Amino acid sequence: MAKELPKVYDPKEVEDRIYKMWEEGGYFHAKIDPSKKPFTIVMPPPNVTGQLHMGHAMDATLQDILIRFKRMQGYSALWMPGVDHAGIATQIKVEEELRKEGLTRYDLGREKFLQKVWEWKEKYGNRIVQQQKTLGSSCDWERSRFTMDEGCSAAVREVFVRLYEKGLIYKGSRIINWCPDCVTALSDAEVEYQEKPGHLWHIKYPVKDSDEFVIVATTRPETMLGDSGVAVNPKDERYQHLIGKTCILPLVNREIPIVADEYVELEFGTGCVKMTPAHDPNDFEVGLRHNLEVIRVLDDKGVVNELGGKYQGLDRKAARKAVLADLEALGLLVKTEDHVHNVGTCYRCHNDVEPLISAQWFVKMKPLAEEALRVVADGETKFVPERFTKIYTNWMENVRDWCISRQLWWGHQIPAWTCADCGKITVSRQDPTECEHCHSKSITRDEDVLDTWFSSALWPFETLGWPEKTPELDYFYPTDVLVTGYDIIFFWVARMIFSGCEHTGKAPFHTVLIHGLVRDDKGRKMSKSLGNGIDPLEMVDRFGADALRMNMVTGNSPGNDMRFYVERCESFRNFANKIWNASRFVLMNLTIDKPGLPDVSALETADKWILSKLNALIGEVTENLEKYELGMAVQKVYDFIWDQYCDWYIELTKSRLYGEDESSKTTAQQVLVYVADQFLRLLHPFMPFITEEIWQAIPHEGESLIIASWPTVNPALSFPQEETAMEKIMDVIRAVRNRRAEMNIPFSKKSTLYLVSNEPELYKSGEAFITKMAYASELVLTDDLPENHESMISAITPDAKVFMPVSQLLDIEKELANIQKELEKAQKDLGFIENKLNNPGFMAKAPQAVVEGEKEKAEKLRQLISQLEDSKARLEKM
RNA sequence: GGGCGCUUAGCUCAGUUGGUAGAGCAUCCGCUUGACGUGCGGAUGGUCAGCGGUUCGAGUCCGUUAGCGCCCACCA
């Protein structure tokens with residue numbers, strides 16, 4: 001049944017076909033099956049408008065590996081996919097589209113605008129799903145969800161109402177982070193701080209009824225329009241006499257009090273701080289303590305409002321210039337210092353965030369944080385790598401109330417109605433028709449929508465049907481592993497944990513697997529503005545999805561950033577091609593059509609060796625995967641396939657496959673197929689496409705590799721003795737090859753090999769291999785040195801000496817130098833070990849096995865040295 | 001100010017219970033070896049950032065210093 005496969009593996013030809021086959025087979029769909037254990041991963045939902053980038057590729061690869069592994073292990077493995085409505089991002093995108101037509105969202109009005117966004121969502125929402133499929137992601141697409149679908153919306157509403165009723169959601173006027181460009185409030189997590197060079201301006205405020213001044217220092221002079229006080233430290237001797245007096249706010253001519261507050265640092269600046277309670281969180285706190293007026297002078301777009309007097313209408317930058325110019329003209333600007341400070345910027349648009357007072361909705365975090373901290377402290381939820389536990393804990397312990405309202409249109413509108421008559425708020429699961437307090441009909445719904453992360457926080461259970469008690473929720477929840485980058489631990493992971501605890505009474509997953517960021521080859525973050533992003537789809541196109549996946553999971557350690565090298569994709573493409581050709585070889589020489597091993601008695605040394613190696617591999621890879629050491633797991637499979645199976649086992653079978661012994665031939669074929677079948681299974685989670693394609697081509701049982709069972713260690717196929725024997729034979733082959741390579745002897749020059757050892761029967765069993773792979777014209781096994789061995793080239797292993805009579809090709813000086821080098825190395829090594837053995841401490845305290853091992857090593861080295869010395873002496877005579 | 005990570009071969013990085021260091025790429029030598037030149041066989045290359053400690057023994061554990069990077073807090 002020899003099959004003809006092309007010489008080069010072509011992923012393009014294979015991947016779409018295989019993916020379709022999986023989809024049509026329904027293998028991605030996880031059924032509720034009481035006879036199986038569930039294993040669940042919820043996918044971090046990408047933005048509806050998003051394009052697949054390397055971060056997604058990383059996420060998807062890790063999750064797919066775990067899901068495929070568990071599916072093969074017999075779990076009902078659910079990978080729950082979906083997309084996120086991504087409030088700001090999506091709204092901005094649609095607004096940009098509108099702008100091309102010269103329109104704003106206000107021109108359309110809320111209803112029409114939302115209609116537009118939904119159209120946009122229908123148009124582009126599926127794009128990223130298609131892109132994910134090219135990576136081979138085995139998601140249960142039938143269950144795919146959208147954060148604004150009916151179910152999720154119901155869950156969001158339920159959660160909002162519950163938290164409100166428990167007093168954990170409230171509306172209040174607080175200093176929040178406001179982005180004047182996105183025109184919305186942001187949560188603390190959405191602010192990114194950047195060190196920026198700025199200035200510290202020193203401004204004179206005249207003290208009322210006095211010739212004195214106080215000098216305040218500020219980095220944001222325009223906010224002085226909203227100043228309602230000046231604060232000094234109560235212990236500051238310089239200003240004791242001014243406490244309780246008032247000063248005249250320049251430009252505005254408002255009388256503002258001078259108050260004493262511990263908040264002010266004595267050493268920084270002048271020791272006097274202008275107080276702008278409406279535009280600074282600290283000033284707001286101080287203001288509360290001293291009853292300072294709250295005067296908000298910037299509007300939602302960052303433009304000075306009517307309280308800013310003559311500066312009204314200027315945006316914040318222009319206002320700063322104007323204020324400084326006027327102060328200068330009045331001689332009130334006494335000093336301008338360079339000053340580097342941290343400026344909060346919007347994570348979306350990267351413009352400076354303006355802290356300002358605003359009425360917003362908040363989630364009271366302290367009570368929710370308690371359980372979220374406990375489940376992690378008690379190990380019910382573990383972070384991998386472990387170090388992220390501390391980051392999470394630290395954040396959760398210091399968490400402040402979460403500002404959840406956004407002044408957007410695209411999102412879950414807050415289910416709160418304010419009464420025009422009594423002014424009270426009605427929050428309800430059903431849209432109310434009247435105020436629940438005074439029954440007035442004049443109620444209006446809050447315009448704001450919820451932070452996108454408010455719905456994402458419910459993702460692990462809302463996607464399974466919560467708040468309904470669905471069978472899915474019962475079976476698949478809590479989920480198992482959550483995979484994501486460290487950059488969204490606060491945004492998402494933390495919020496899912498407290499939400500899961502609060503609403504379902506259970507932590508939403510037992511493991512959080514954190515990965516790092518994918519950077520470019522210079523270590524820079526991939527970004528649109530830098531134009532240094534590498535498109536995963538292009539990599540799939542050029543090298544195949546399997547190669548890209550391998551790149552994602554190797555070459556870095558968990559939780560650390562990785563640099564993306566295109567060359568690495570290339571090397572994994574080569575690996576794919578290597579496996580392809582190995583299987584091509586197997587298929588070309590195949591006369592059997594059923595899988596299965598022969599009786600153990602039929603197995604030869606080489607067979608037992610590879611089977612034994614395979615057994616060890618299965619154990620290690622499984623263990624690595626259970627511990628989320630994906631990179632290590634796949635490295636071992638890679639090495640096994642390339643170094644053991646291809647470089648050795650295939651070569652070892654050739655003489656049998658081309659030989660006359662039919663039984664040996666069949667055995668070799670059976671083992672070749674068996675081992676291939678097993679390593680294809682081990683590799684499948686990592687390189688799903690090529691493994692499936694090959695598996696379908698070789699004799700196999702079952703309909704698809706994706707649902708084939710995961711290999712398990714089989715003690716009956718462990719052969720330590722044959723493993724050792726084979727290694728000894730391989731040592732001889734390597735030694736001869738090394739020696740020949742050192743002397744540049746071409747393969748075509750064959751020679752008689754005299755092999756001297758005290759286990760001639762062992763080497764006899766490997767005669768065919770040694771002859772072929774060590775380029776022998778003839779192999780002579782002896783237990784005594786051959787005649788004229790002095791004139792031969794020697795290759796030495798710990799257990800054997802090989803002599804080759806090719807003196808005519810020998811460069812004696814080069815050979816002597818080689819031997820001298822080896823001798824020195826051996827002597828150095830021996831010295832090291834002898835030191836150990838002469839060390840009474842070592843002899844007394846090291847475990848017996850280690851001591852024995854060292855003694856053996858020393859003995860081997862002594863033998864090697866004496867052999868080398870012999871060779872040296874011989875050569876010197878020549 | 002607090003915390004974390006990194007520093008290992010020319011480059012990028014592995015190295016999980018402490019037992020004289022590995023991979024990929026690059027470099028050099030050789031090879032039309034009946035699967036594969038996207039290949040085969042070899043080779044070169046490392047005082048594992050510095051210092052101190054624990055230990056019979058440290059890349060691996062502890063302390064400390066330096067450089068780089070990140071996160072959190074934020075003195076206007």
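Everything numeric in this text was worked out from a predicted model, so none of it was measured. Lettering follows sequence order; numbering is per chain, from 1. Heavy-atom basis, side chains included; hydrogens, waters and symmetry copies ignored.
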Next item on the list: For B:rG1 and B:rA58, measure between their C1' atoms and round to the nearest Å.
Entry: 34 Å

Check: Do A:Glu629 side-chain and B:rU16 base share a donor-acceptor contact under 3.5 Å?
Finding: yes

Note to self: Show the nearest heavy-atom pair for residues A:Leu617 and A:Val637, with the distance to one decimal.
What the structure shows: CD1-N, 4.0 Å

Next item on the list: Could you give the distance separating B:rG59 and B:rC13 at their C1' atoms, to the nearest angstrom?
Entry: 14 Å

Notebook entry, point to check: Starting at NZ of A:Lys845 and ending at P of B:rU54, how long is that distance when rounded to a whole Å?
Noted result: 12 Å

Next item on the list: Describe the nucleic acid contact of A:Lys857 in one word from base, sugar-phosphate, nothing, applying a heavy-atom distance below 4.0 Å.
Entry: sugar-phosphate

Next item on the list: Considering only atom C1', compute the distance from B:rG10 to B:rU65 and round it to an integer number of Å.
Entry: 28 Å

Item checked: Between B:rG30 (C1') and A:Arg737 (CZ): distance, integer Å -> 13 Å

Note to self: Taking only the P atom of each, what is the distance from B:rA9 to B:rG22 in whole angstrom?
What the structure shows: 14 Å

Note to self: Taking B:rU54 as the reference, what is the distance to B:rU17 when you measure between their P atoms (whole Å, please)?
What the structure shows: 24 Å

Notebook entry, point to check: If each of A:Phe575 and A:Arg568 is mapped to the nucleotide of RNA chain B with the nearest heavy atom, which maps nearer the 5' terminus, i.e. the 5' end?
Noted result: A:Arg568

Note to self: I'd like the C1' distance from B:rU44 over to B:rC29, given in whole Å.
What the structure shows: 10 Å

Margin query: Under a 3.5 Å cut-off for both contacts, is B:rA76 paired Watson-Crick or G-U wobble with anything, and if yes, with which nucleotide?
Written below: none

Item checked: Interatomic distance, A:Phe213 atom CZ to A:Tyr205 atom OH [nearest 0.5 angstrom] -> 13.0 Å

Check: What does A:Tyr775 touch in the nucleic acid at a heavy-atom separation under 4.0 angstrom: a base, only the sugar-phosphate, or nothing?
Finding: base

Checklist line | Gap between atoms CD1 and C1', on A:Ile650 and B:rG39 respectively (whole Å) | finding: 13 Å

Note to self: Please tell me if A:Asn574 has a side-chain N or O lying less than 4.0 Å from either OP1 or OP2 of B:rG39.
What the structure shows: yes

Next item on the list: Go ahead and name the base partner of B:rU33; Watson-Crick or wobble counts if both distances stay under 3.5 Å, otherwise write none.
Entry: none

Notebook entry, point to check: Going from CG on A:Leu548 to CZ on A:Arg573, what distance comes out if it is rounded to the nearest 0.5 angstrom?
Noted result: 14.0 Å

Check: Ion pair present between A:Lys857 and A:Glu859, side-chain N to carboxylate O less than 4.0 angstrom?
Finding: no

Check: Which part of the nucleic acid, if any, lies within reach of A:Pro847 when heavy atoms closer than 4.0 Å are counted: base, sugar-phosphate only, or nothing?
Finding: base

Note to self: Pairing check on B:rA66: which nucleotide meets the Watson-Crick or G-U wobble criteria with it, both distances under 3.5 Å?
What the structure shows: B:rU7

Note to self: According to a cutoff of under 5.5 Å between the ring centres and under 30° between the ring planes, does A:Trp580 stack with the base of B:rA35?
What the structure shows: no

Note to self: If the cut-off is 4.0 Å, is A:Lys390 near the phosphate of B:rC4, judged by side-chain N/O to OP1 or OP2?
What the structure shows: yes

Notebook entry, point to check: Taking for each residue the nucleotide of RNA chain B bearing the nearest heavy atom, is the 5' side occupied by A:Asp647 or by A:Asn556?
Noted result: A:Asn556

Item checked: Basic-acidic side-chain contact under 4.0 Å: A:Lys836, A:Glu854 -> yes

Item checked: Rounded distance in Å between the C1' positions of B:rG30 and B:rG24 -> 22 Å

Next item on the list: Using a 4.0 Å heavy-atom cut-off across all strands, classify A:Trp201 as base, sugar-phosphate, or nothing.
Entry: nothing

Check: Could you run down nucleotides 6-11 of chain B 5' to 3' and tag each one B, S or - for protein heavy-atom contact under 4.0 Å?
Finding: S-----

Next item on the list: Test A:Tyr392 against A:Phe383 for ring-ring contact (aromatic ring centres under 6.0 Å, His included), laying out the working first.
Entry: CA-CA 9 Å; A:Tyr392 166 88; A:Phe383 282 82; 5.2 Å; yes

Check: To the nearest Å, how far apart are A:Lys627 NZ and B:rU17 P?
Finding: 8 Å

Margin query: With a 4.5 Å cut-off on side-chain heavy atoms, are A:Leu200 and A:His202 touching?
Written below: yes

Notebook entry, point to check: Rounded to the Å, how far apart are A:Ile514 CD1 and B:rG5 P?
Noted result: 15 Å

Margin query: For a 4.5 angstrom cut-off between non-hydrogen side-chain atoms, does A:Phe284 reach A:His279?
Written below: no

Check: Does any residue of residues 547-555 of chain A have a heavy atom under 4.0 Å from RNA chain B, and if so, which ones, in number order?
Finding: A:Gly555

Notebook entry, point to check: Where the side chain of A:Trp642 is defined as all heavy atoms beyond and including C-beta, which of B:rG19, B:rU16, B:rG39 is the nearest nucleotide?
Noted result: B:rG39

Notebook entry, point to check: Roughly how many Å is it from CD in A:Gln644 to C1' in B:rC40, rounded to a whole number?
Noted result: 16 Å

Notebook entry, point to check: Under 4.0 Å between a side-chain N/O of A:Lys7 and OP1 or OP2 of B:rU38, yes or no?
Noted result: no

Check: Taking C-beta and beyond as the side chain, do A:Trp395 and A:Ile489 meet within less than 4.5 Å on heavy atoms?
Finding: no

Next item on the list: Write down the partner of B:rG57 under the Watson-Crick or G-U wobble criteria, each distance required to be under 3.5 Å.
Entry: none

Margin query: Which residue is it: A:Tyr645, A:Phe686, A:Trp695? I am looking for the one with a ring pair (Phe, Tyr, Trp, His ring centres under 6.0 Å) to A:Phe679.
Written below: A:Tyr645

Margin query: Please encode protein proximity along nucleotides 71-76 of chain B as a string of B, S and -, counting only heavy-atom distances under 4.0 Å.
Written below: -SBBBB

Check: Is there a donor on the side chain of A:Lys578 or the base of B:rC36 sitting less than 3.5 Å from an acceptor on the other?
Finding: yes

Next item on the list: Using a 4.5 Å cut-off on heavy atoms from C-beta on, say whether the side chain of A:Val323 contacts that of A:Met224.
Entry: yes

Margin query: Rounded to whole Å, please give me the gap between CD in A:Glu567 and C1' in B:rC13.
Written below: 14 Å

Note to self: For a 4.5 angstrom cut-off between non-hydrogen side-chain atoms, does A:Phe564 reach A:Asp521?
What the structure shows: no

Note to self: Quick check for you: to the nearest 0.5 Å, what is the distance between A:Gln827 atom CD and A:Glu824 atom CD?
What the structure shows: 7.0 Å

Item checked: Nearest-angstrom distance from the residue atom CG of A:Leu517 to P of B:rC13 -> 14 Å

Check: Could you state the interatomic distance from CG (A:Leu657) to CG (A:Leu672), rounded to the nearest 0.5 Å?
Finding: 6.0 Å

Item checked: Watson-Crick or G-U wobble mate for B:rG45, both contacts under 3.5 Å -> none

Item checked: A:Phe747 side chain, from C-beta outward: closest of B:rA35, B:rA23, B:rG30 -> B:rG30

Checklist line | Options B:rA35, B:rG19, B:rG15, nucleotide nearest the side-chain atoms of A:Val850 | finding: B:rG19

Check: Reckon A:Asp639 touches a base, only the sugar-phosphate, or nothing at all at heavy-atom distances under 4.0 Å?
Finding: nothing

Notebook entry, point to check: Is there side-chain contact between A:Tyr775 and A:Lys749, with heavy atoms separated by less than 4.5 Å?
Noted result: no

Next item on the list: For nucleotides B:rU12 and B:rG52, find the distance between their C1' atoms and express it as a whole number of Å.
Entry: 32 Å

Next item on the list: Search all heavy atoms of A:Thr554 against all heavy atoms of A:Met550 and return the closest pair with its distance.
Entry: OG1-O, 2.8 Å

Checklist line | Opposite nucleotide pairing with B:rA14, Watson-Crick or G-U, both atom distances under 3.5 Å | finding: none

